[in-house]
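Naming: A, B, ... by sequence-line order, numbering from 1 per chain.
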2 protein chains.
Amino acid sequence: MQLSQTEENYIKAIYALSERSPSFDTSTNEIAVRINTKPPSVSDMLRKLTVKKLVTYQKYKRVTLTKTGRQVAIQIIRKHRLWEVFLHDKLQFTWDEVHEVAEQLEHIQSEKLTERLEKYLGYPKYDPHGDPIPSATGELKEAKRLMLSEMEMGVTCQVVGVKDSSSEFLQYLHQIDVGIGTKIKVLEQIAFDHSLIVSFKKGHQTTVSKKFADNVLVTS
Amino acid sequence: MQLSQTEENYIKAIYALSERSPSFDTSTNEIAVRINTKPPSVSDMLRKLTVKKLVTYQKYKRVTLTKTGRQVAIQIIRKHRLWEVFLHDKLQFTWDEVHEVAEQLEHIQSEKLTERLEKYLGYPKYDPHGDPIPSATGELKEAKRLMLSEMEMGVTCQVVGVKDSSSEFLQYLHQIDVGIGTKIKVLEQIAFDHSLIVSFKKGHQTTVSKKFADNVLVTS
DNA sequence: TACAAAAGTTAGATAAGCCTAACTTGATTT
DNA sequence: AAATCAAGTTAGGCTTATCTAACTTTTGTA
Ligand SMILES: [Mn+2]
Ligand SMILES: [Mn+2]
Ligand SMILES: [Mn+2]
Ligand SMILES: [Mn+2]
């Protein structure tokens, strides 16, 4: 099925939002906020996507992706993350620069390109944000990741991704020299505001907020 | 200036058509044929591009790119050809596969991407079809493609394309094992009928007609 | 020079995406 | 159960890009 860039962006947004909901659905307003449009535009598009059997939707109710819709979403995410790896590994883009360009590259239509790119990159399993890359057949492994705020005291862990990928957050991380692979040990939790005292690398010690720790994903 | 993909494709078409005209201009109908639209669509677009100062145009007359228009065209061509090199050199796409995908990739907007890609590819001067790659500042060399019949004696060259793409010709090429990338050395020209004695690869030697040599494009 | 054919433009529609303003529905609270 | 408010849809309009049919200008040839 030949989808426009706009349709692809909607599908991807619905996927992301519904995956994080316990009932695997989402709402008109949530979609509007995420893709920076107004609710009426979303209503229009949901009608279109329903006709194309990509979403299950009745007006005034919440939306779910159909099986086809989910497959479409996963293929776009696959391309997005492969391009992110390319930009990061081959063209030395920094962590916070890759997303914006991948947002465009994910819409290039050529299966051959995707497969060749994947091979060229050495079949990477994770993108530069630590998110798993779906296989050509749509298999997507769950990354066993924790929020930094969930780590036990005294245990050293490694940064594998972020929850928030706003450029504000990514730039802050860059500023304090935290990236994929950075080793962090949680030393103490402050009862008052749940902020954490942590050490990076060789003893260099800082305090980070709960909000920060909730948005840094780590593996132990 | 932020241009749509459609506008970019028009600009590129106008560039290609006007470059091959002695007066550096082109016509509504020529553009329509090239980008597979109807003349009224072209008329509309020419009005739009005139307002944006990308073309010089008066209705019922022929159209020329402005200096800005030409710069825009060259930047798109630069991206197109760099992506062709990437697809060919890094992802092993064949010469006839690269164009279609590059047609999409040329519209990705990120100067940094273009510059990094160029560096990554080792600042190539020519694309896989032997066409020159403009520099970041818009400098553009002459094409280095010649007809095989124009080659000097004793010089080894490489096949980069064909002028005639009839299946008779392509089958003949296949039969004598000539394809893109084949190395050819011109040994002798027969005065009588301008046929050429050439050697392929390791000394394997043949005679080809003038008509053949006029339709094989090579770079030295 | 006249006048027919070709080249090009305008008029009027359509489709995709987006918007604001006005309305409807469903959920929450009393 | 009714009232209120948030969530969502519809109505109607705008822009970009396209088309066909009808018209106008330019051209090239008799
Ligand atoms: Mn996108
Ligand atoms: Mn990512
Ligand atoms: Mn293009
Ligand atoms: Mn080319």
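A/G179 approaches A/V159 most closely through the heavy-atom pair O-CB, 3.4 Å. Taking each heavy atom of A/P132 and A/R81 in turn, the nearest pair found is O-NH1, 2.7 Å.
Summarising the geometry, the separation between CG on A/L46 and C1' on D/dA7 is reported as 13 Å, rounded to the nearest angstrom. In this structure, B/R47 places its CZ atom 14 Å from P of D/dT18, rounding to the nearest Å. With rounding to whole Å, B/D25 atom CG is found 11 Å from C/dG8 atom P. When rounded to the nearest whole Å, the span between CD of A/Q2 and C1' of C/dA15 equals 16 Å. The interatomic distance linking B/K61 (NZ) with D/dT25 (C1') rounds to 10 Å, in whole Å. Note: CG (B/N29) to C1' (D/dT27) measures 13 Å, nearest angstrom. When rounded to the nearest whole Å, the span between CE of A/M45 and P of C/dC19 equals 11 Å. Atom CG in B/L49 sits roughly 12 Å away from atom P in D/dT16 (whole-Å rounding).
In this structure, B/F93 has its ring center no closer than 6.0 Å to that of B/F86.
Partners of A/E139 under the side-chain contact (heavy atoms from CB on, under 4.5 Å) rule, at least two apart in sequence or in another chain, are A/S135, A/T137. With sequence neighbours left out, the side-chain hydrogen bond (donor to acceptor under 3.5 Å, both in side chains) criterion links A/R34 to no other residue.
Side-chain contact of B/D214 with B/S149: a donor-acceptor pair under 3.5 Å is present, judged by distance alone.
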Detail all sub-3.5 Å separations between protein N/O atoms and N/O atoms belonging to nucleotides 19-21 of chain D.
unit_1: D/dC19; atom_1: OP2; unit_2: B/K38; atom_2: N; d: 3.0
unit_1: D/dC19; atom_1: OP2; unit_2: B/S41; atom_2: OG; d: 2.6

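Of the candidates C/dC18, C/dT10, D/dG8, C/dT10 carries the atom nearest the B/K59 side chain, counting heavy atoms from C-beta on. Here D/dG8 is the nucleotide among C/dG8, D/dG8, D/dT18 with the atom lying nearest to any side-chain atom of A/T28.
Contact between the side-chain N/O atoms of A/Y10 and the OP1/OP2 oxygens of C/dC18 is found at a separation under 4.0 Å.
No salt bridge links B/D193 with B/K210; every basic N to acidic carboxylate O contact stays at or beyond 4.0 Å.
Nearer the 5' end of DNA chain C, as judged by each residue's closest nucleotide, is the contact made by B/V42, out of B/V42 and A/E7.
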